[in-house]
Amino acid sequence: MQKLITKLHLIILCILCSTLAITAQSIEGRWDITITKGNKKFPSWLEINHSGVKYLNGRFVGSGGSARPISIVYFKDNKMSFSIPPQWDREDKDLVVEAILKDGKLEGTMNQPNGEVVNWVGVKAPKLIKSKEPIFGKPMPIFNGKNLDGWEIIGREDRPAAGENQWIVENGALKSPKSGANIRTTKTFGDFKLHVEFRVPEGSNSGVYLRGRYEVQITDGFGIEPSAIELGGIYGFVKPLEMPAKKAGEWQSYDITLVGRVVTVVLNGKTTIYKAEIPGITGGAIDSNEAEAGPIMFQGDHGPIEFRNITIATAK
């Protein structure tokens, strides 16, 4: 009799676990999020994963900062919630996120560390899987070395001070002598091979945003260990294999191939990331519309930076 009871308990447990797994499948995966603050919109990103037989966990990216781990995501009766500590916020309160899953979308609120409550909507992120490698055309310059033709300033709504144009062209280089606005190409791109040379002063910080959504980090990385938030990393997501950085103030180069959401990065002639998947948008992205083409964007709100010899070969 005892063996029969034990067997029944195991069967019931298996049924309950299976039910939980089936229920959780509807919310698991990656979500591209749009946050609304008044009449302004900001991008965000969420990933929800299965953890064992009873729990969900995940990662979250806000409009700024890097991907942050979520220890537990609660989901019951199509209601989802989680909380995470602040990252770059001055306040000490947690970010509290709630939503309802309806018609394949997540709709809810975010109670931010400063007490502000904003609305948000999430849709399932596209897989962006390509069946074969594309054929790329001839590299073409996207910076003429003379003026800002083909480029436009893009400020950040969450940083009003970053709306002033500080970008100039000097000695054939696209230069940001001080912190200010970001800058992007007026054209947008899908899959491509990008070549760009850059010079970063000691202690400064910038980034190359692929399609305006995925930041390849630029920092003064000489002599430090590889990191997803330092030179050569896909910010907060992918760590480079090594750090072949030159000293601050020297010209360096990136050769970056992006196909779908798969990226290869060559830093100063060495392959530091090879065909790695970028899970989602990084902080500072222009939007969360991952299925769309996007611009090349350079970060200009974290200190001085220079770029030159910028070319792109697009997929045919």
Side-chain angles (χ1 to χ4, degrees), residues 28-32 43 45 47 49 59 61 67 123-143 150-151 184-198 207-218 221 226-245 252-282 284-299 307-316:
E28 287 182 56
R30 296 166 178 168
W31 297 83
D32 286 336
W45 178 87
E47 181 179 52
N49 301 309
R59 291 184 289 182
V61 176
V123 297
K124 278 291 183 75
K127 296 186 181 299
L128 301 181
I129 296 174
K130 301 299 177 74
S131 59
K132 61 181 180 179
E133 288 288 321
I135 297 174
F136 293 94
K138 181 181 177 181
M140 301 296 292
I142 53 175
F143 169 59
W151 294 80
R184 55 158 285 179
T185 58
T186 55
K187 291 183 178 180
T188 58
F189 308 96
D191 297 339
F192 56 79
K193 289 188 175 184
L194 173 71
H195 173 83
V196 57
E197 298 171 14
F198 60 92
V208 178
Y209 278 79
L210 314 177
R211 299 193 197 115
R213 302 182 188 102
Y214 314 117
E215 182 187 9
V216 186
Q217 177 71 302
I218 293 178
S227 167
I229 61 171
E230 296 291 348
L231 181 67
I234 307 301
Y235 188 68
F237 279 130
V238 185
K239 182 174 76 171
L241 297 171
E242 56 179 306
M243 180 63 79
Q252 307 188 63
S253 67
Y254 271 143
D255 288 281
I256 304 168
T257 302
L258 181 65
V259 178
R261 60 172 70 253
V262 175
V263 67
T264 295
V265 177
V266 178
L267 171 60
N268 295 327
K270 292 189 176 181
T271 301
T272 53
I273 294 175
Y274 180 71
K275 291 189 175 181
E277 182 189 48
I278 304 176
I281 67 168
T282 57
I286 60 169
D287 60 42
S288 57
N289 305 326
E290 292 191 84
E292 298 179 2
I296 301 301
M297 184 174 75
F298 297 145
Q299 189 177 47
F307 299 96
R308 71 179 186 187
N309 296 335
I310 310 165
T311 64
I312 197 165
T314 57
K316 293 182 178 180

Quick one: list whatever passes side-chain hydrogen bond (donor to acceptor under 3.5 Å, both in side chains) with [X], sequence neighbours left out.
X	value
Glu292	none
Arg30	Glu47, Glu277
Lys187	none
Asn49	none

Please report, to 0.1 Å, the donor-acceptor pairs under 3.5 Å made by any side chain of residues 262-273, with sequence neighbours excluded.
from, atom 1, to, atom 2, distance (Å)
Thr264, OG1, Lys275, N, 3.0
Asn268, OD1, Ser253, N, 2.9
Asn268, ND2, Pro244, O, 2.9
Asn268, ND2, Gln252, OE1, 2.9
Thr272, OG1, Val265, O, 3.3

Could you tell me whether the side chain of [Y] reaches within less than 4.5 Å of the side chain of [X], counting heavy atoms only?
X	Y	result
Gln217	Glu215	yes
Val208	Ile218	yes
Pro279	Arg59	yes
Ile142	Leu194	yes
Tyr209	Tyr214	no
Phe136	Thr257	yes

Separation of [Y] [atom2] from [X] [atom1] (nearest 0.5 Å):
X	Y	atom1	atom2	answer
Met297	Arg211	CE	CZ	14.0 Å
Leu128	Leu258	CG	CG	9.0 Å
Asp191	Glu133	CG	CD	9.0 Å
Ile312	His195	CD1	NE2	12.5 Å
Ile310	Glu197	CD1	CD	9.5 Å

- Query: Do the ring planes of Phe307 and Phe298 sit parallel (below 30°), tilted (30 to 60°) or perpendicular (above 60°)?
  - Reply: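 Phe307 and Phe298: parallel rings.
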Do any side-chain atoms of residues 227-238 form donor-acceptor pairs under 3.5 angstrom with protein atoms, and if so which ones, sequence neighbours left out?
from, atom 1, to, atom 2, distance (Å)
Ser227, OG, Ile229, N, 3.2
Glu230, OE1, Thr219, OG1, 2.9

Could you pull out the closest heavy-atom pair between [X] and [Y], with the gap in Å?
X	Y	result
Pro126	Ala291	CG-N, 3.8 Å
Ala315	Pro134	CB-CB, 3.7 Å
Pro43	Ala285	CG-O, 3.2 Å

- Task: Answer yes or no: is there a donor N or O on one side and an acceptor on the other, between the side chain of Trp45 and the main chain of Ala125, under 3.5 Å?
- Result: no
- Taking salt bridge (charged side-chain N to carboxylate O under 4.0 Å, His left out) as the test, write out the residues that go with Asp255, two or more places apart. none
- For Glu290, all residues meeting salt bridge (charged side-chain N to carboxylate O under 4.0 Å, His left out), sequence neighbours excluded: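 Scan of Glu290 (salt bridge (charged side-chain N to carboxylate O under 4.0 Å, His left out), adjacent residues dropped) gives Arg261.
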- Taking ring pair (Phe, Tyr, Trp, His ring centres under 6.0 Å) as the test, write out the residues that go with Phe192, two or more places apart. none
- Query: Should Asp32 and Lys124 count as an ion pair when the cut-off is N to O under 4.0 Å?
  - Reply: no
- Task: Apply side chain to side chain contact (heavy atoms under 4.5 Å, CB included) to Pro295 and list each qualifying residue two or more places apart in sequence or on a separate chain.
- Result: Arg184, Thr185, Thr188, Ile286
